[in-house]
Every structure is written in structure tokens, then in C-alpha cells.
2 protein chains.
Amino acid sequence: MPISQKAQYAVRAVFELAKRQGAGATKIGEIAEAQAIPQRFLENILNSLKGGGFVESVRGKDGGYLLARPAKELTVGAVLRFVEGPLAPVECMAGNKKGSCPMYGGCPFLSLWARAEKALEGVYDSTTFYELVAQEAEERRKPAVDFTI
Amino acid sequence: MPISQKAQYAVRAVFELAKRQGAGATKIGEIAEAQAIPQRFLENILNSLKGGGFVESVRGKDGGYLLARPAKELTVGAVLRFVEGPLAPVECMAGNKKGSCPMYGGCPFLSLWARAEKALEGVYDSTTFYELVAQEAEERRKPAVDFTI
DNA sequence: CACTGTCTCTACCGATTAAATCGAGATTAA
DNA sequence: TTAATCTCGATTTAATCGGTAGAGACAGTG
């Protein structure tokens, strides 16, 4: 049920680029190190993100990656959807394979899944990378909050 | 990212038992047929649910399964958690493997994941099987709503 | 008791997916 | 030309998912 490692790497990479926006291209290696992502794997991910219009690349020496859009216009939801597909909590809600469910037509859970999806979307689509960067800068000023129970 | 098939089978099975609560034990075969679940697989699931205290079993002839508690006290969230583990959107939030994350201590996404988890919990923990059964009965009276886009 | 229908338990299997790696190539700056 | 960098597809490896199998335990019936 959780978000895949790959998707987390993707958002972390975009986050890192957001932090460095305006400072020229960032090499894959730097992103990999800063965010603790296997470099070879990150190559694939960034390349795919480029196809999605999230990042741009510069080749050759002094090359690297840049955010393709202002961080204020980039939501976590958009990135997650791009790498993971719909934010649907169950397969049968995922558009492409509707009708695959034997319960289709009278599924008593449909509206529940729909509510869950809306709840998730509400969180992810309302969070921009700009906010995340700002929030991190803020938290660096103050003592970290411990979320342990 | 979606909820596993197994977990969906589990909630469907519990739902079926909720519908039949008060009518004696229901055989695995009947549940399997009513909810379109592979019977052999359902055996495992129900047995596991028994261990979790969600259902009770009666062996021998005229045996079967019963809901262990009133449907009003059984939430979808409780069942999902039992079969799938924590409702956490990412591994590193899942209690058991905290500290496995290389970002631990200063992860800029922690509060985001926490909000996502809360949102999901809000939906799943507030929905009881009693409501689902009632809702289905209601919808059977009226024409089905088509969620297709 | 023997029989039958039911749940119980543990192991197993095949396919798919996730995560990561690799290698050879293309591009650019110096 | 050389070195640094992205590009792209293929490959590997390991885990997980969905499902199956079979022997056994238990309870009621005649």
C-alpha cells in the first residue's frame, strides 16, 4: 500500500532541485548524494521526469538538471501521479481498468474508496515544493520536532 | 500503492458477514461466491481474521464463520490495518522500521506523510461495516449512481 | 463407532513487480 | 581530443502477490 521507493526518490530529487532553483544545473551525482539515492537508479528517474516536463537537462560537461517550472507551481501530487499513476486507493478506481471488478455496478465500497482518494488528493495536490523548501528552511532554524509516539 | 487484493477480499468478507449477522454461521463457500473471492484463498484470509479477533468460526457440519463483534463497532480501518499493517503512506512512517530512512531526523516530507496518513485514517476509521451494510440496502432501493466520467 | 462436511495449518508455486545495475552511446565545454 | 555529463535500453536480482495443495483436526449425525 505504501508509496514506492522510486516515487519517493522522485519527489526527493525534485525537492533537491527546488532548493537549488536559480543556481544553474545540478549534477545527478550531487542530487544522489544529497538525497541518498542510488545514482544509477536516479538517472532513470530523472530522465523519466524530464519526459513528464518536470525537469530539464543540460548535457555535456557542466551539465545537469534543472526544475522546469517554478517550485510554486509544482505539487507533490503531480509528481506522484506521474510516477505512480492515479492516487486511487484501489485498482478498480484507476480509470484504465474500470469494469475489471466483479462487483462493478453495485460495489458497496465505491463511495468509500472515492472518499479516501479525495482525502489523499487534498493533501498531495495542495502541497507545493516551494512550501516544502520554505518549511525545511524554517525547521532548520528551530529545534526539530520529534514525531515519535 | 493501492490496497492489496487480499485486503479487499478481507473487507468484502467481513462485509458479507456483517450483512448476515444474526443468521448463524456462514460457510466459506457462500462468502466466496457472494463476494467473488477464490475460495481457497479466502480460507487463509478468514483464518487470519479469526486470529485478529474479527470473526469467529464454527467447525464441523453446519459450521462456518460469524462476525465476532457488532458491525457497528467494526471499522474498515481496523480490518485494513490488520491485514496490511499501518495505514502509513510510506515505509518509514510504519513504526517498526523507523530509523531505516537515511533522511531520518530532518526529513522535509515527514509532516506531509503524516498529514496524508491522518487523512486516510480519518476516512477508514470513521466507517463502520454497519454503515456500509445500511448504505448498500439504501442504494438497492434507488437507482445506482454512475461514477463513470 | 464411522462417516461426512467443515474449518485449520503449513507449505509451496508461478508470475509479476520493484529496485537496482550495467554498458555503450551521444553531447558539450574546455 | 579529452573528460565530464546525460541518454537509453537491457539485464539482473530479490521480494511480493495472488493463489493452490494436501494432510489433519474437529463436530455433528446415524
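Just so you know, these numbers use all the heavy atoms, side chains as well, and skip hydrogens, waters and symmetry mates. Computed from a prediction, not measured in an experiment: that's the story for all the values here. Naming convention: chains lettered A, B, ... in sequence-line order (proteins, then strands); numbering from 1 in each chain.
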Nearest heavy-atom approach of A/Arg81 to A/Pro86 is CG-CA, 4.4 Å
Quick one: does [X]'s side chain get under 4.5 Å of [Y]'s, heavy atoms only?
X: A/Val76; Y: A/Leu132; value: yes
X: A/Tyr124; Y: A/Val79; value: no
X: A/Thr128; Y: A/Thr75; value: yes

For residues 20-56 of chain B, the ring-ring contact (aromatic ring centres under 6.0 Å, His included) pairs (sequence neighbours left out) are B/Tyr9-B/Phe41, B/Phe54-B/Phe82
Name the atoms and distances for all side-chain donor-acceptor pairs under 3.5 Å in residues 13-25 of chain B, with sequence neighbours left out.
{"residue": "B/Glu16", "atom": "OE1", "partner": "B/Gln35", "partner atom": "NE2", "Å": "2.7"}
{"residue": "B/Glu16", "atom": "OE2", "partner": "B/Arg20", "partner atom": "NE", "Å": "2.9"}
{"residue": "B/Glu16", "atom": "OE2", "partner": "B/Arg20", "partner atom": "NH2", "Å": "3.3"}
{"residue": "B/Arg20", "atom": "NH1", "partner": "B/Glu30", "partner atom": "OE1", "Å": "2.8"}
{"residue": "B/Gln21", "atom": "OE1", "partner": "B/Ala71", "partner atom": "N", "Å": "3.4"}
{"residue": "B/Gln21", "atom": "NE2", "partner": "B/Arg69", "partner atom": "O", "Å": "3.0"}

Under 3.5 Å donor-acceptor, A/Glu84 side chain and A/Ser4 backbone: yes
In whole angstrom, what separates [X]'s [atom1] from [N]'s [atom2]?
X: A/Leu42; N: D/dC8; atom1: CG; atom2: P; value: 15 Å
X: A/Ile3; N: C/dA18; atom1: CD1; atom2: P; value: 14 Å
X: A/Leu17; N: D/dC6; atom1: CG; atom2: P; value: 11 Å
X: A/Phe41; N: D/dG9; atom1: CZ; atom2: P; value: 16 Å
X: A/Ile45; N: D/dC6; atom1: CD1; atom2: P; value: 14 Å
X: B/Gln8; N: D/dC17; atom1: CD; atom2: P; value: 13 Å
X: A/Ile31; N: D/dT5; atom1: CD1; atom2: C1'; value: 12 Å

I'd like a table of atom pairs between the protein and nucleotides 11-17 of chain C - only N or O on both sides, under 3.5 Å - with the distance next to each one.
none

List, with names and distances, any nitrogen or oxygen atoms from the protein found under 3.5 Å away from nitrogen or oxygen atoms belonging to nucleotides 5-7 of chain C.
{"residue": "C/dT6", "atom": "OP1", "partner": "B/Lys27", "partner atom": "NZ", "Å": "3.2"}
{"residue": "C/dC7", "atom": "OP1", "partner": "B/Ile28", "partner atom": "N", "Å": "3.0"}

Ignoring hydrogens and angles, are the base of D/dG18 and the side chain of B/Arg40 linked by a donor-acceptor pair under 3.5 Å? no
Contacts table for residues 43-53 of chain A: side-chain donor-acceptor under 3.5 angstrom, sequence neighbours left out:
{"residue": "A/Glu43", "atom": "OE1", "partner": "A/Arg40", "partner atom": "NE", "Å": "3.2"}
{"residue": "A/Glu43", "atom": "OE2", "partner": "A/Arg40", "partner atom": "NE", "Å": "3.2"}
{"residue": "A/Lys50", "atom": "NZ", "partner": "A/Ser57", "partner atom": "OG", "Å": "3.4"}

A/Val90: partners by side chain to side chain contact (heavy atoms under 4.5 Å, CB included), with sequence neighbours left out: A/Cys92, A/Met93, A/Trp113, B/Ile3, B/Gln8
